[in-house]
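Only heavy atoms go into these numbers, but all of them, side chains included; no hydrogens, no water, no symmetry mates.
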Amino acid sequence: MNGAARPVLVVSEQVDAATDMVVDELNMRDIPVIRLDAERFPQHLTLAAEHGADSTGWRGTLDDGRRPVRLEDVRAVYYRRPGRSHIADSVEEPYRLWARDQADAAFLNILSALPARWMNNPHADRYAAHKPIQVPTAARCGLSVPRSLITNDPLVARDFVRRLPGPAICKPVLSGRLPGMDGRRRMVPTHRVEAGDLDESVRLTAHYFQEEIEKDHEVRLTVVGGQMFGCVIRGTSDAARTDWRTDYEGLEYATTAVPAEVAAGVTSFMAGFGLVYGAFDFAVTPSGEWVFFECNPTGTWAWVENRTGLPIAAAHADHLGGRHGG
Amino acid sequence: MSATTVPFAARAATLPAVMPSSLLGVTWDTGRQINVNADGTPWYTSDLAASTTDTNLDGKSDETADPYYAPAS
């Protein structure tokens, strides 16, 4: 199969606007696309991968009954939050759970072993997503970071907060489920804390404290295959200024250029984690300094393109299609 | 539930803001492999398509789950 005919494999949920944008861009470029969701495996997707004694890679097919793809032909994989494998209801526990683990492991890792370009390999995402790893990495890459503390000691926490020149904030170490008594899921937003608030309940688990950065505005910097798209986010309410995720009605958007030193740091950060895609959150201080908050390796971006016109889907297609020769 | 059984940070827990999104009138275009509106235009061009918080439109918000969970990773 010649290079032009090798397909891009898109693994994503069916209802996902960002994936639609990428697939449509690839369609417009006449780059073959096979889109499927991992949750259809094994009931509606058939995988057959064989590795010979003298081979250097898996060969075989992934077939949804409509568009079979030869594994060895895949030029790139766009992997974006697919569902989990779904085992037939007729399979009873404990075999059902066991079967799902087997299916998940085979599907993801056969694809991971293909000699294709990725965006992003979830193995890289998983490691890169952790804030305690991100902060020192960002600093080593030359990016400014807030003073930070992770502790379960309330005395240490109070001392840290008192030593700061300004306010302190608390944020979760990890996004995760926190169901309320009513069963509805809660989130823990970034919120301001005072030293006197910090009591023995800090001992109950790890807590993440940071200095609050005085912001002129925030930037969602979307990085795709080396291309960078800066989106200014200005909060027009107190809630939006502290954590823009908590008040979407209180936000204004614009575009911005990326300072060279920030671009260099971000490039180094991405390379260090093996990421091709990343959604970075920065605060920009009144003096113009960009301060790194975090990188979301699977962060949402369709809303950025819709609000700003930044050509993020096109950048995905550039990378997945191998415009630069891959 | 007494305060000493609730980790400090979790006291700030709140229901997440969820940007509204809608699949009203949207169908799957098998040939193009994208979601389309009733008039054939791509769904992603709709104001109510690209949520900042609700990637799979399950109404639970991305902030209440670990989006990096890969079961075999």
Next on the checklist: Can you tell me which of B:Ile34, B:Thr30, B:Val36 forms the most heavy-atom pairs within a distance under 4.5 Å of chain A?
Outcome noted: B:Ile34
What part of [X] gets closer than 4.5 Å to chain B, counting heavy atoms only: side chain, backbone, both or neither?
X	result
A:Glu305	neither
A:Asn27	side chain
A:Leu36	neither
A:Arg203	neither
A:Arg100	neither

Item to check | Residue among A:Asp197, A:Val304, A:Asn121, A:Val10 with most heavy-atom pairs under 4.5 Å to chain B | outcome: A:Asp197
Item to check | Ring-ring centroid check A:Phe41 A:His86, cutoff 6.0 Å | outcome: no
Checklist entry - Would you find more than 12 non-hydrogen atoms of other residues, nucleotides or ligands less than 6.0 Å from A:Trp98 atom CH2? => result no
Checklist entry - Which atom pair, heavy atoms only, marks the closest approach of A:Arg80 to A:Thr298? => result NH1-O, 4.0 Å
Checklist entry - Can you name the salt bridge (charged side-chain N to carboxylate O under 4.0 Å, His left out) partners of A:Glu39, sequence neighbours left out? => result none
Next on the checklist: Less than 3.5 Å apart, any donor N or O on the side chain of B:Asp39 or B:Thr41 sitting next to an acceptor on the other?
Outcome noted: yes
Next on the checklist: Parallel, tilted or perpendicular: which one describes the rings of A:Phe209 and B:Phe8, with boundaries at 30° and 60°?
Outcome noted: tilted
